[in-house]
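Worksheet: one structure, shown below.
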Number of protein chains: 2
Amino acid sequence: MNQAPKSAEMLETAVTELSLATAHLLRRLRAETDSDELGWSQLAILARLGNDGPASTADLARAESMKPQSMGTTLAMLEREGLVERRPHPTDGRQVLFALTAEGVEARRKRKIAKHEWLVAAMAKLDPAEQRILIAASALIRRLGDS
Amino acid sequence: MNQAPKSAEMLETAVTELSLATAHLLRRLRAETDSDELGWSQLAILARLGNDGPASTADLARAESMKPQSMGTTLAMLEREGLVERRPHPTDGRQVLFALTAEGVEARRKRKIAKHEWLVAAMAKLDPAEQRILIAASALIRRLGDS
DNA sequence: TATTGTTATACTCTATAACTATA
DNA sequence: TATAGTTATAGAGTATAACAATA
């Protein structure tokens, strides 16, 4: 008996645990958060535009596993709040590039703090080894989502 | 420079990564799943009733970080599908206990497999050390959600 | 013909509010 | 008066369908 998952059944158990636990964490996090904050996909869009620069609706939809129509709706909200702005694509007249506004840069910095306050406090209570596991797992979870 | 988070800022970064990555994974998982499956909270309810036995609406709501009204609605759906059944509480006439039906036991076994098929495949591609990190992290994430 | 984006509509999940019944 | 549950309504987030513009 070693620590590695050995069978499809063990992987299935692990996957069930992972998905139910993460679903619960996100529900909890929403319950603990003041509701006029930005949603997860909205924060993800700000992060992506901040890190990678301007991007089109279709690019962002692919990156965040959403349909382009849904991404369009979400971008329209962020635009209405003044956090992103439209730019014409230099060569392709169909595309619209979205970029962070100055206000969007500021929102990215500030508003994610409110959203995460509860989780920061909860994570601060873990010991350093446990925190390291979660940090390593975050990178793996991102890879799974992107794969 | 060691591996442990040392400041509030490092914890904030870690928390942002964790929440955005998990939110993306759950979106992706939904996109990859045939849509007539059970939702996450529905699967969580079946798991909890299967592991811990019958429970009331209020108990389940607390356990899954939902409002009792929302839990009531969700339980009503599961009842309509024949997966859970009502029982009177032995001593408290206000409470209703919910329990898995035989069909619910079966659903718990079968339908979560369909829901998780994609993630099992993705996780199977990780190496054993990475799988172990995710398994350890799942338990921590559950603790964070319950805390 | 394929791709990008928009608009309209609908569905899922969860919340809030108002109510009834029991403790 | 406090707690458990129900019903009605609303909101966020995302999907599908139908369409227009550009490649």
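Please read these numbers as outputs of a predicted model, since none were measured by experiment. The figures here come from the full heavy-atom set of this structure, side chains too, leaving out hydrogens, waters and symmetry mates. In the text below, chain A, chain B and the rest are named by the order of the sequence lines, each starting its count at 1.
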Review point. Glu64(B) has an atom CD; how far is it from atom P of dT14(C), in whole Å?
Key: 9 Å
Review point. Just how large is the angle between the end axes of the helix from dT1(C)-dA23(D) to dA23(C)-dT1(D), five pairs per end, to 10 degrees?
Key: 0°
Practice item. Output yes when Arg111(B) and Glu81(B) qualify as a salt bridge under the 4.0 Å nitrogen-oxygen rule, no when they do not. Key: yes
Practice item. Can you tell me the distance, in whole Å, between the CG atom of Leu43(A) and the P atom of dA12(D)? Key: 15 Å
Revision key, fill the gap. Glu81(B) CD to dT12(C) C1', in whole Å, measures 13 Å
Review point. Does any N or O in the side chain of Arg28(B) come within less than 3.5 Å of the main-chain N or O of Ser147(A), such that one atom is a donor and the other an acceptor?
Key: yes
Check your understanding: Can Lys112(B) and Glu37(B) be counted as an ion pair, charged N to O under 4.0 angstrom?
Key -> no
Review point. With the sugar-phosphate defined as primed atoms, P, OP1 and OP2, and the base as all remaining atoms, what B/S/- string results for nucleotides 13-23 of chain D, 5' to 3', for protein heavy atoms under 4.0 Å?
Key: SSBBB----BS
Review point. Side-chain heavy atoms under 4.5 angstrom apart, residues restricted to Ile, Leu, Val, Met, Phe, Trp, Tyr: same cluster for Met77(B) and Leu43(B)?
Key: no
Revision key, fill the gap. Against the side chain of Arg86(A), the closest entry in dG5(D), dG5(C), dT6(C) is dT6(C)
Point to revise | Nearest-Å distance for atom pair CD/P, residues Gln95(B) and dA2(D) | key: 18 Å
Check your understanding: Starting at CZ of Arg28(A) and ending at P of dA15(C), how long is that distance when rounded to a whole Å?
Key -> 12 Å
Exercise for review: Answer yes or no: is there an ion pair linking Glu12(B) with Arg109(A), defined by an N-O contact shorter than 4.0 Å?
Suggested key: no
Point to revise | Residues Asp59(A) and Arg62(A) bridged, charged N to O under 4.0 Å | key: yes
Practice item. Send over the distance from Arg80(B) CZ to dT6(D) P, rounded to a whole Å. Key: 12 Å
Study note, to complete from the structure: When rounded to whole Å, the CG to P distance for the pair Leu26(A) and dA15(C) reads 13 Å
Practice item. Using whole Å, report how far CG of Leu29(A) lies from C1' of dA12(D). Key: 16 Å
Check your understanding: Do Arg87(A) and Glu85(A) meet the salt-bridge criterion of a basic N to acidic O distance under 4.0 Å?
Key -> yes
Review point. Do Ile113(A) and Trp118(A) share a hydrophobic cluster, counting only Ile, Leu, Val, Met, Phe, Trp and Tyr and linking them when any side-chain heavy atoms are less than 4.5 Å apart?
Key: no
Check your understanding: Side-chain donor-acceptor pair under 3.5 Å between His116(B) and Thr16(A), yes or no?
Key -> yes
